[in-house]
Amino acid sequence: MQIYNTLTKRKEEFKSIEPSKITMYVCGPTVYDYFHIGNARTFIMTDVIRRYFGYKGYDVTYAMNLTDVDDKIIKKSNEEGITPDDVADKFIDAFFEDIEKLKVKKANIYPKATKHMGDIIKLIKDLEDKGFAYNVDGNVFYNVKKFEGYGKLSGKNVDDLLSGARIEINNEKDNPLDFALWKKAKDGEPSWDSPWGKGRPGWHIECSAMSMKHLGETIDIHAGGNDLVFPHHENEIAQSEACTSKQFVNYWMHFGFLNIKDEKMSKSLGNFFTARDILKQYSAEVIRLFLCQTHYAGPLNFSEEGLKSTENGLKKITLLAEEVLKGLDNSEGVKPEFDFDSLYASFETAMDDDFNSSRGVAVIFDFVKAVNKVIAENENISPEFFEKAKLFLEKTAVGVFGILDFNSISISSGGSLENELVELFIKMRTDAKTEKNWALADKIRDELKEIGIELKDSKTGTTFKKI
RNA sequence: GGCGGCGUGGCCAAGUGGCUUAAGGCGAAGGUCUGCAAAACCUUUAUUCAUCGGUUCGAAUCCGAUCGCCGCCUCCA
């Protein structure tokens, strides 16, 4: 399995620290607002990656942090006149609701910054003791010059950064690049006691502290959006490695941006759609397929046309899944020649190559086409064939991508009064057809469609489904 | 100013030296099936990969230049 590692800037053979076990940490949301569909890309693609590891038989321990103490939360709490905790709680709830609607499997742990103050303070103290941090009147800064590898992830060097035009002026810092580990409390802000007085943690320290606490000093994978490479992840490395003298993360993975008309979707530009709004119009499966059709690292333009075209494509998969379910009820039939093995192999080859979901999805479409061909060419097909076909879809489309849900496929089955009534209409229509009374036959079909029942004629008779 | 990414058919998107005279999806056109639909199947839809040079027996893939777009360096997934 090959994974592109931002740290080494190339694809590398993936080797976990412990055989068949993986530790993975992903930078989650700062809970001050509903997350947008660009954030969702990270949540969904890490979900796909995590699911694929599961497919491969790995036991994954996956942590996603919730940043619940932060400038933006404080700002929001002032705007709304509620406490920062209330802001955080509200959007943590919303986060879990949205993530569930997007069919993202839950992480094993969702550590919160506010629940790890002891660990954070201990880490800062350690950095101070080791000479990597200095205290200026209750503010503690990290001394970037002390850490030799600073810039190794983002490919920057301290001198280039210093010549950059947009570095803020802060007289308290020895060096403009130094960043806050601990911020002295201001009036009305949430604060915690520490050896440096009351205050709260800086932005980057929580991830170092929580990743090391829950997953270990060295972990397999750390992922996040492209915009976190610098400074966030760079600083995490500096904090963690200065403290442990061990490699913090073996594989760094970064996701490309979701753009609107070639511009990064972001809260600050205001060009964003929240995931919950998009979910009102499109299913989780459509959104997931839309994202999976592009490799995770590249940019992806978000558009209504794109979602629409994905929705049409997904229909093909769903309709085939329906045929597969129906085929399970066959009593007997031919056992067609079908090379499941080579399809599994193609799927794995694609996904083994840095999670190339775009190719993985193409394999599913190839499969759909091949099964449709089998169905078109044979009158009766054995249920065993459909069982194998269902298993393939379950492992790939359902299990890895989450772009199909057998439970939401309604196939007509007798029993209820409603179904019997529809069957009655179908019988009447069949009679009308025999009498070549096309006007009546079409009227029945059209009117049933208006109340949400779709009829489909085939050689073997007419079937219906709710739409 | 520093660093990095990208430019493939009408649209989206894989491919990064020969297996590709470029996957897959959407759209479009024709055909089979059907009373008509729908679905499905078959066929067609890039002699070409921003442009121009170069390396090579061979390049969308490597090198150089040019044009265009985007990102990071400030909070951001």
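In what follows, chains are A, B, ... by sequence order, proteins preceding strands, each numbered from 1. Atom set for the values below is all heavy atoms of this structure, side chains included, hydrogens, waters and symmetry mates excluded. All figures in this text were calculated on a predicted structure; none of them were measured in a lab.
Counting any heavy atom pair closer than 4.0 Å across all strands shown, A:Arg10 reaches no nucleic acid atom. Within 4.0 Å of A:Leu269, counting heavy atoms only, lies no atom of the nucleic acid at all. Among the heavy atoms of the strands, none lies under 4.0 Å from A:Phe255. Nucleic acid contact for A:Lys456: base, since at least one base atom lies under 4.0 Å from a heavy atom of the residue. Nucleic acid contact for A:Asn39: base, since at least one base atom lies under 4.0 Å from a heavy atom of the residue. Residue contacts for A:Phe35: at a heavy-atom cut-off of 4.0 Å it reaches no nucleic acid atom on any strand shown. Across all strands, A:Asp366 comes closer than 4.0 Å only to sugar-phosphate atoms, never to a base (heavy-atom distances).
Rounded to a whole Å, the NZ atom of A:Lys315 is 11 Å from the C1' atom of B:rC26. Atom NZ of A:Lys308 and atom C1' of B:rG10 are 19 Å apart (whole Å). Taking atom CG of A:Leu228 as the reference point, atom P of B:rG4 lies 20 Å away to the nearest angstrom. Put simply, CG on A:Asn437 is 13 Å from C1' on B:rC36, counting in whole angstrom units. Protein atom CG of A:Leu307 is 12 Å distant from nucleotide atom C1' of B:rC26, rounded to whole Å. Taking atom CG of residue A:Asn378 and atom P of nucleotide B:rA40, one finds them 18 Å apart after rounding to whole Å. A:Asp33 has its CG atom 14 Å from the C1' atom of B:rA77, to the nearest Å. Here B:rG35 presents its C1' atom at 16 Å from CG of A:Asp431, a figure rounded to the nearest Å.
In this structure, A:Glu285 contributes its side chain and A:Gly402 its backbone to no donor-acceptor pair below 3.5 Å.
Of the candidates B:rC36, B:rC72, B:rA39, the closest approach to any side-chain atom of A:Asp457 belongs to B:rC36. Side chain of A:Arg445, nearest nucleotide from B:rC72, B:rC36, B:rC26: B:rC36. Closest to the side chain of A:Lys316, from the set B:rA40, B:rG27, B:rC73, is B:rA40. Checked against B:rC69, B:rG35, B:rC75, the side chain of A:Lys72 finds its nearest nucleotide in B:rC75. Taking every side-chain heavy atom of A:Lys433 into account, B:rG35 is the closest of B:rC75, B:rG35, B:rA39. Closest contact between the side chain of A:Ala376 and the listed nucleotides B:rC72, B:rC41, B:rC36 involves B:rC41.
For the P atoms, the distance from B:rG30 to B:rA77 is 49 Å, rounded to whole Å. Rounded to whole Å, the separation between the P atoms of B:rC6 and B:rU16 comes to 13 Å. Across B:rA23 and B:rC33, the matching P atoms stand 30 Å from one another, rounded to whole Å. Atom name C1', nucleotides B:rC63 and B:rU21: the rounded distance is 25 Å, in whole Å. Atom C1' of B:rA29 sits at a distance of 33 Å from the matching atom of B:rG68, rounded to the whole Å. Across B:rC62 and B:rU47, the matching P atoms stand 22 Å from one another, rounded to whole Å. Comparing the C1' positions of B:rU56 and B:rG17 gives an interatomic distance of 9 Å, to the nearest angstrom. Here, B:rG54 and B:rA59 have their P atoms 12 Å apart, quoted to the whole Å.
Phosphate contact (OP1/OP2 of B:rA37, side-chain N/O of A:Lys449, threshold under 4.0 Å): absent. Taking only side-chain nitrogens and oxygens, A:Asn372 comes nearer than 4.0 Å to OP1 or OP2 of B:rC41. For A:Asn312, a side-chain nitrogen or oxygen approaches OP1 or OP2 of B:rG27 to under 4.0 Å.
Aromatic rings from A:Phe141 and A:Phe179 are positioned such that their centres are separated by 6.0 Å or more. Between A:Phe96 and A:Tyr110, the distance separating the two ring centers is shorter than 6.0 angstrom. With ring centers used as reference points, A:Phe355 lies under 6.0 Å from A:Phe53. Note: A:His214 and A:His116 meet the aromatic proximity criterion, with ring centroids under 6.0 Å apart. A distance of 6.0 Å or more separates the ring centres of A:Phe91 and A:Tyr32. Aromatic pair A:Phe347/A:Phe401: centroids less than 6.0 angstrom apart. Checked against the 6.0 Å centroid threshold, A:Tyr52 and A:Tyr55 count as a close aromatic pair. Taking the six-membered ring for Trp, A:His204 and A:His233 have ring centres at least 6.0 Å apart.
Ring-to-base geometry places A:Trp438 in a stacked arrangement with B:rG35 (centre distance under 5.5 Å, plane angle under 30°).
In this model, a side-chain donor or acceptor of A:Asp442 finds a partner on the base of B:rG35 within 3.5 Å. For A:Asp227 against B:rC75, a side-chain-to-base donor-acceptor contact under 3.5 Å is absent.
Residues A:Glu377 and A:Gly38 both approach RNA chain B. Their nearest nucleotides, taken by heavy-atom distance, put A:Glu377 toward the 5′ side. Comparing A:Lys373 and A:Leu314, the nucleotide of RNA chain B nearest to each residue sits closer to the 5' end for A:Leu314.
Residues A:Leu153 and A:Val229 come closest through the heavy atom pair CD2-O, 3.8 Å.
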- State the dot-bracket string of RNA chain B. Criteria: Watson-Crick or G-U wobble, both atom distances under 3.5 angstrom; notation: ( ) intrastrand, [ ] crossing earlier pairs, | interstrand, . unpaired. ((((((((.[[[..)..(.....]]]((((((.......))))))....[[[[[..)....]]]]])))))))....

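In this structure, A:Lys335 is not positioned above the aromatic face of A:Phe385 in the sense of NZ or CZ being under 6.0 Å from the six-membered ring centre and within 45° of the axis. A cation-pi arrangement is present between A:Lys264 and A:Phe257 under the rule of less than 6.0 angstrom and at most 45 degrees off the ring axis.
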- Reading nucleotides 12-21 of chain B from the 5' end, what letters show protein touch, with B for base, S for backbone sugar-phosphate only, - for no heavy atom under 4.0 Å? -SSS------

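For residues 356-365 of chain A, the side chain to side chain donor-acceptor pair (under 3.5 Å) pairs, not counting sequence neighbours, are A:Asp353-A:Arg359.
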